[in-house]
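Just so it is clear: chains get the letters A, B, ... in the order the sequence lines come, proteins before strands, and each one is counted from 1. Being a predicted model, the structure only gives us computed values, none of them experimental.
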Amino acid sequence: MRRLVSVALLIALVGLLIGCAGADPDLDQNTFAPEGDVARMQRDILIVWVLGPAAVIFVVMQALLIYAVIRFRRKKGQELPRQVHGNNRLEYAWTIAPAILLLMLIVPTVAGVIELGRDAADDALRVRVVGQQFSWTFQYPDLTDAEGKPLTVFGLPGEVGKPSTGRPAELHIPVDREIGVTLESVDVIHSFWVPKLAGKLDVVPGRTNSMWFNATKIGSYSGQCAEFCGFQHADMRLIVVAESEEDFEAWVADQLEGGGAARSGAGEPALVSYGE
Amino acid sequence: MVGALRRLRQEGESYQGVWSWLTTVDHKRIGIMYGVTAFLFFLMGGIEALLLRIQLSSPNNAVLDPDQYNRIFTMHGTTMIFLVVMPLSAAFFNLLIPLMIGARDVAFPRLNAFSFWVFLGGGLFMNASFFTGGNILKGELGAPDAGWFGYAPLSLQSAGTGIDFWAFGLLILGVASMASGFNFIVTIFNMRAPGMTLLRMPLFVWMTLVTSFLIIFAMPIITVALFQLLFDRLYGANFFNFEAGGQPLLWQHMFWLFGHPEVYILILPAMGIVSEVLPTFSRKPLFGYPFVVISGLAIAFMSWGVWAHHMYTTGLGPIANSAFGVSTILIAVPTGIKIFNWLATLWGGAISLKTPLFFAVGFISMFVIGGLTGVIHSIVPSDYQQQDTYFVVAHLHQVLLGGAMFGLFAGIYYWFPKFTGRLLHEGWGQLHFWLMFIGFNITFQPMMILGLLGMPRRIYSYPEGAGWEWWNAVATVGALLIGVSILVFMFNVVLSLRRNDQAGPDPWDGRTLEWAIPSPPPAYNFREIPTVRARDDFWHQKYEEDETGRPVPIVGGGAQEPEEEEHAEGEGHGIHMPSPSFFPLIAAIGLPIIATGLIYDAAIVAVGVAVLVVGIYGWALEPASE
Amino acid sequence: MTLAESRGIKGPTEREAEAEEVKEGAHPGPLEYVKIGLILAVITAVEVGIYYIEAIEDVLVPILIVLSAIKFTLVVLWFMHLRFDSRLFSWLLAGGLMLAGILMVIVLSTLGGRLV
Amino acid sequence: MSHTPAALETGTGLDNRKLLMWLFLASECLLFGSLIGAYLLYRGQSVVGPYPEDLFDIPFTSVSAFVLLMSSVTMVLALAAIQRGDQRGLRIWLLSTALLGLLFLSGQAFEFTEFNHEGLSLSSNLFGTTFFVLTGFHGAHVTVGVLILLSLLVMAWRGRLTQSQSLNIELAGLYWHFVDVVWIVIFTLIYLIQP
Ligand code: HEA
Ligand code: HEA
Ligand code: CUA
Ligand SMILES: [Cu+2]
């Protein structure tokens with residue numbers, strides 16, 4: 001059984017590898033190659049608790065099915081089979097056995113939900129993320145300039161009806177430090193997702209959702225709006241740049257020098273009542 | 001005016017041809033119309049799917065622009081669910097339920113005709129939205145563009161009338177579903193032949209009953225949600241307007257409160273079909289009949305408690321997420337019971353490898369994959385990664401195409417001879433199966449990998465270098481293969497109808513009552529209403545079991561041969577059948593007119609109401625034998 | 001033979017005869033209906049009356065709910081004949097009500113609303 | 001009932017139309033449940049006025065609730081009449097039921113216009129939205145009920161509703177009582193109970 005799991009997993013992994021062979025590191029969104037604790041935990045739950053057992057059940061069921069159809073196919077001159085109507089013992093068995101198996105899945109479910117749903121640590125870097133058709137804006141409420149204005153990275157909202165232009169907004173974070181984000185939307189529902197760092201959370205107008213994540217390796221990670229939000233949903237991208245603590249601080253200082261607000265790209269931010 | 005119409009109707013009774021179809025209240029004809037219409041919509045939805053696949057076949061492709069892409073995937077999903085799988089299931093309800101329970105028709109034949117016409121009207125109305133966006137030849141589409149679940153506030157913000165057509169279309173289709181839901185519950189409760197106790201009903205009848213109950217309880221919820229959406233859009237109400245304090249998530253709750261029972265509305269009829277096909281072709285009774293029935297009831301019951309698994313990532317909070325996670329995980333138990341019993345039905349049988357069996361086994365095989373991916377989705381923390389990716393797209397097609405559609409095709413191959421009198425060609429049938437099976441697997445299994453590789457759904461294009469090119473290309477090839485398989489199927493139908501390979505009443509050595517009567521069945525179904533003595537009654541008319549439990553043929557048992565005077569259409573036997581009526585058709589026409597009026601001009605509403613009222617009063621006052 | 005007869009289902013005449021029987025036995029007469037109507041009227045008056053009594057403000061809500069539930073039950077049992085009719089009908093209504101009620105409570109609690 | 005053993009063994013022995021009506025009412029529970037749920041969810045959430053406490057006129061609504069309640073009594077009396085074969089009674093009670101229904105509807109129309117004058121509309125705030133849609137749906141049900149009653153009345157007048165057709169009245173009655181019962185709930189939950 002162990003062996004079956006590993007074979008199946010191997011096949012799955014090989015498949016995934018074929019897929020990302022040659023993937024551009026700036027665009028790679030492979031959830032099986034996590035670089036953050038959250039994404040790693042999610043992948044491990046997936047593989048150990050579900051993909052593995054599912055692979056076994058899959059193989060067993062298909063094997064039984066194929067065997068049954070071949071073994072019991074009608075042969076020439078064969079008499080009619082015995083009319084078996086059922087067997088209560090078997091019924092109980094295949095009710096209880098899967099139920100036990102499934103009840104075990106409650107463990108990772110509940111544990112995972114609680115761990116991912118906890119508040120961000122006190123020393124986490126706080127970031128306010130605002131979604132808007134079709135861009136992201138990031139604000140660091142704790143990093144303020146001389147006048148007390150928080151550092152804000154404006155995305156460049158697209159024009160409805162036109163394909164997007166320019167580079168996606170960049171979210172700079174220090175590596176190995178917990179990031180606590182709050183998510184707000186000014187128009188429709190979006191979803192904040194950086195696959196290699198963490199699963200997604202929706203950005204719902206009229207409510208503030210929050211989540212935490214971190215990056216465990218320096219690099220830039222591609223992310224993308226994951227809730228259909230209209231015309232340019234496909235282009236509502238973002239990039240998380242995870243830097244060493246020093247680089248991050250240098251970046252922050254650099255940005256704040258300009259008077260408080262950083263911009264990625266040109267043009268006026270269409271966000272109203274923002275940056276206070 | 002009503003009087004004049006009534007006179008026309010009396011003349012109509014003697015007519016054949018188109019007129020007789022427009023006024024028919026015969027459940028078999030209505031079933032055939034349901035089936036043919038749904039299949040045409042399937043081609044429509046399939047062509048939309050192929051457009052999607054062609055656009056996605058390579059990165060940065062520009063066959064469709066984003067706007068067209070959004071409209072087309074919305075219509076694809078909506079069409080496939082509401083205009084294909086639901087009505088195809090309804091086609092089988094119509095064709096089979098009265099035959100399987102030994103009745104002459106459904107409880108309310110005219111209501112039944114009304115259901116069909118409303119469905120047709122709603123489907124056409126919804127698709128008419130394509131033409132409202134300007135010049136369709138220039139690619140200016142007016143179809144809805146907010147996805148098949150139309151999340152507010154995107155669906156509020158969407159310009160044009162696409163969403164209005166979508167919402168009114170779904171409301172109209174809801175009327176059709178509700179009407180047939182009521183009708184079949186009453187039929188199954190009240191119209192069973194003597195001796196057909198609940199636990200002697202064929203499994204398909206059970207699943208129809210369960211599905212109908214799901215329909216009548218789930219539809220009102222989406223009805224209210226759609227009205228709320230329309231009030232917001234058309235009259236400035238605030239249900240989902242977050243600026244006025246409204247909660248967009250209310251829409252999601254209401255949609256999925258309907259939507260999850262809905263997915264079982266889509267799969268249970270197919271499961272019923274499979275539960276009929278497997279015993280016939282393995283020549284053994286269904287294994288564990290009561291357990292299969294109970295698990296169907298359990299699925300229906302549990303389907304009310306899992307809806308928020310579509311909303312894990314909306315920020316419901318740990319308690320709600322855990323609770324819905326657990327309930328979703330557990331719904332695999334009753335489904336598993338069904339699968340195991342089907343397997344046990346095959347086990348030890350004498351399986352004849354005919355096309356219906358291939359599709360039924362294909363159903364089990366693919367549905368297991370679909371179900372397992374469902375369980376994978378149900379694990380909340382890891383689903384934060386899979387939600388809204390191609391993993392979901394893979395899951396939903398595995399259960400809907402690999403599940404529901406495979407099951408429905410099994411039914412088409414199985415009962416085609418009953419209703420046309422002709423067998424479908426085996427060779428072409430098996431070719432259809434294998435092409436579809438292989439095509440299916442190379443279309444949708446790669447999507448699981450795409451999902452794990454982080455490809456979100458509903459994106460019209462993707463950049464080069466994300467690592468998704470190869471699998472997308474593969475999927476597109478698979479989709480084309482499915483398309484070919486459907487062409488093979490259509491060819492097979494045409495060929496088989498012309499080949500005139502007479503099926504006879506009982507080509508498969510069937511077990512249930514419908515095989516006891518001629519193919520195609522006469523208008524009155526049963527010359528004499530049968531008295532039922534056992535489950536699989538017809539089988540027991542043909543075979544006795546010896547001491548070891550092996551069946552021994554009974555001499556002289558078997559199906560009725562068709563009678564000489566087939567064209568006497570029932571009247572010859574003094575069997576009183578419900579008379580045809582076109583008031584259901586008139587009443588049904590009123591609904592899309594009213595909807596058009598509400599979108600464009602109140603004056604049209606008045607016309608629609610007038611038509612509806614004429615239809616209903618004519619219907620109510622008509623001297624009919626209902 | 002009519003359709004109904006052939007199914008072994010009671011024809012209209014038989015049904016009438018039965019209706020007659022039932023009426024003799026269980027069905028209430030007009031007088032009883034009027035009595036129920038009076039009770040309903042009184043309860044409504046009480047409901048409105050206590051609405052204005054400030055002294056019982058704390059327990060007003062449960063009292064009102066109980067009173068309206070009584071009204072509901074009276075109408076359903078007598079005027080809609082559930083008391084005398086097939087159990088199936090009662091189950092259908094109860095099923096619809098319970099389903100609606102339970103779903104409402106869950107949705108309201110997940111969205112932060114309150115029932116009363 | 002011993003003369004129909006076959007029916008006993010299988011069918012429920014219930015009338016098709018009556019079963020249909022009860023199924024319909026069961027599903028209506030979900031319809032009104034959803035509407036009431038939306039009202040309750042948004043109760044007290046309006047960001048601008050007017051608010052319920054500014055508008056509700058309890059004595060007035062109590063009277064119209066009473067009117068609808070009494071229409072249920074007349075409805076059931078109409079049924080009792082036709083079951084007795086009392087055509088005159090049938091007509092009188094049907095007519096009274098329809099009139100009481102109309103009275104309720106005019107009360108509602110008055111209330112709607114009144115609220116409108118005070119600045120409440122479908123779009124003014126969440127209260128307006130949920131209130132009008134909930135009570136509007138109920139009003140639409142009452143309207144359909146009145147139409148059915150009037151149609152039956154015409155039939156009764158023409159002598160086309162005989163004692164053996166009392167089922168028609170019974171079905172209309174079931175619908176009517178249900179709509180009344182919904183108002184009992186609405187009246188308490190929406191008008192009388194205010195946080
Ligand atoms: C026919 C339709 C159908 C069916 C039957 C199912 C069946 C199931 N579905 Fe699926 N689902 C959809 C149609 C369907 N689904 C659609 C259309 C969507 C997407 C909507 C959208 O977003 O557009 C969706 C989405 C969806 C999601 C949301 C994903 C997301 O957006 O994040 C989830 C999450 O839990 C889920 C779960 C399940 C589960 C647990 C089952 C279970 O019922 C499956 C049970 C079956 C089995 C498990 C297999 C057989 C069992 C055994 C062999 C026994 C042994 C097994 C074990 C012990 C595990 N489904
Ligand atoms: C029963 C339901 C059902 C069925 C059968 C299908 C069938 C198919 N679906 Fe569908 N699909 C959905 C339900 C279904 N789908 C839903 C609910 C969604 C979600 C929508 C949303 O996100 O809102 C979806 C979304 C969806 C997407 C994702 C879009 C996106 O997120 O961006 C894709 C992409 O590949 C896709 C592909 C396909 C394909 C290739 C088929 C194929 O199997 C189709 C096969 C059929 C044919 C190929 C037709 C053959 C016909 C001919 C060859 C005609 C030629 C002849 C004449 C003109 C006479 N579907
Ligand atoms: Cu924002 Cu999709
Ligand atoms: Cu679901």
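Neither the backbone nor the side chain of D:L31 comes within contact range of chain C; no heavy atom of the residue lies under 4.5 Å from a heavy atom of that chain. If you measure heavy-atom distances from C:T44 to chain D, the contacts under 4.5 Å come from the side chain alone. The contact between D:F187 and chain C is made entirely by side chain atoms (from C-beta outward), counting heavy-atom distances below 4.5 Å. For a residue to count as touching a neighbouring chain, one of its non-hydrogen atoms must lie under 4.5 Å from one of that chain's; by this rule C:L88 touches chain D with the side chain only. Heavy atoms of C:F89 lying under 4.5 Å from chain D belong to its backbone as well as its side chain. If you measure heavy-atom distances from D:Q194 to chain C, the contacts under 4.5 Å come from the side chain alone. In this structure, chain D has no heavy atom under 4.5 Å from any part of C:I70.
Atom CE of residue D:M70 and atom CG of residue C:L40 lie 6.0 Å apart, to the nearest 0.5 angstrom. Here the straight-line distance linking atom CG of D:L189 with atom CG of C:L64 works out to 9.5 Å at 0.5 Å rounding. Distance check, rounded to the nearest 0.5 Å: CD1 of C:I36 to OG of D:S72 gives 12.0 Å. Atoms CD1 and CG, on D:I184 and C:L67 in that order, are 11.5 Å from each other to the nearest 0.5 Å. For the atom pair CG (D:L79) and CE (C:M80), the distance works out to 12.0 Å, reported to the nearest 0.5 Å. Here the straight-line distance linking atom OG of C:S68 with atom CD1 of D:I186 works out to 12.0 Å at 0.5 Å rounding.
Inter-residue side-chain proximity for D:C29 and C:L93 is flagged as met; some heavy-atom pair is nearer than 4.5 Å. Between C:Y52 and D:I58 the shortest side-chain heavy-atom distance falls below 4.5 Å. Looking at heavy atoms from C-beta onward, C:M104 lies out of side-chain contact with D:S34 at the 4.5 angstrom threshold. Side-chain contact between C:L82 and D:W22 is present, with at least one heavy-atom pair separated by less than 4.5 Å.
Of the listed residues (D:V185, D:L69, D:T74), the greatest number of heavy-atom pairs within a distance under 4.5 Å of chain C belongs to D:L69. The candidate with the highest count of non-hydrogen atom pairs below 4.5 Å against chain C, out of D:I36, D:L77, D:L25, D:L192, is D:L192. Most heavy-atom pairs under 4.5 Å with chain D, from the set C:A100, C:G37, C:G101: that is C:A100.
Heavy-atom minimum distance, C:Y33 versus D:V73: O-CG1, 4.2 Å.
Around CD of D:E53, the count of heavy atoms belonging to other residues, nucleotides or ligands within 6.0 Å exceeds 12. Enclosure of atom CZ in D:F137 by more than 12 non-hydrogen atoms of other residues, nucleotides or ligands within 6.0 angstrom is indicated.
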In sequence, state the C-alpha distance, the side-chain angles, and the governing distance for C:V48 and D:F66, and then conclude on side-chain contact (heavy atoms from CB on, under 4.5 Å). CA-CA 11 Å; C:V48 180; D:F66 179 74; over 6 Å; no

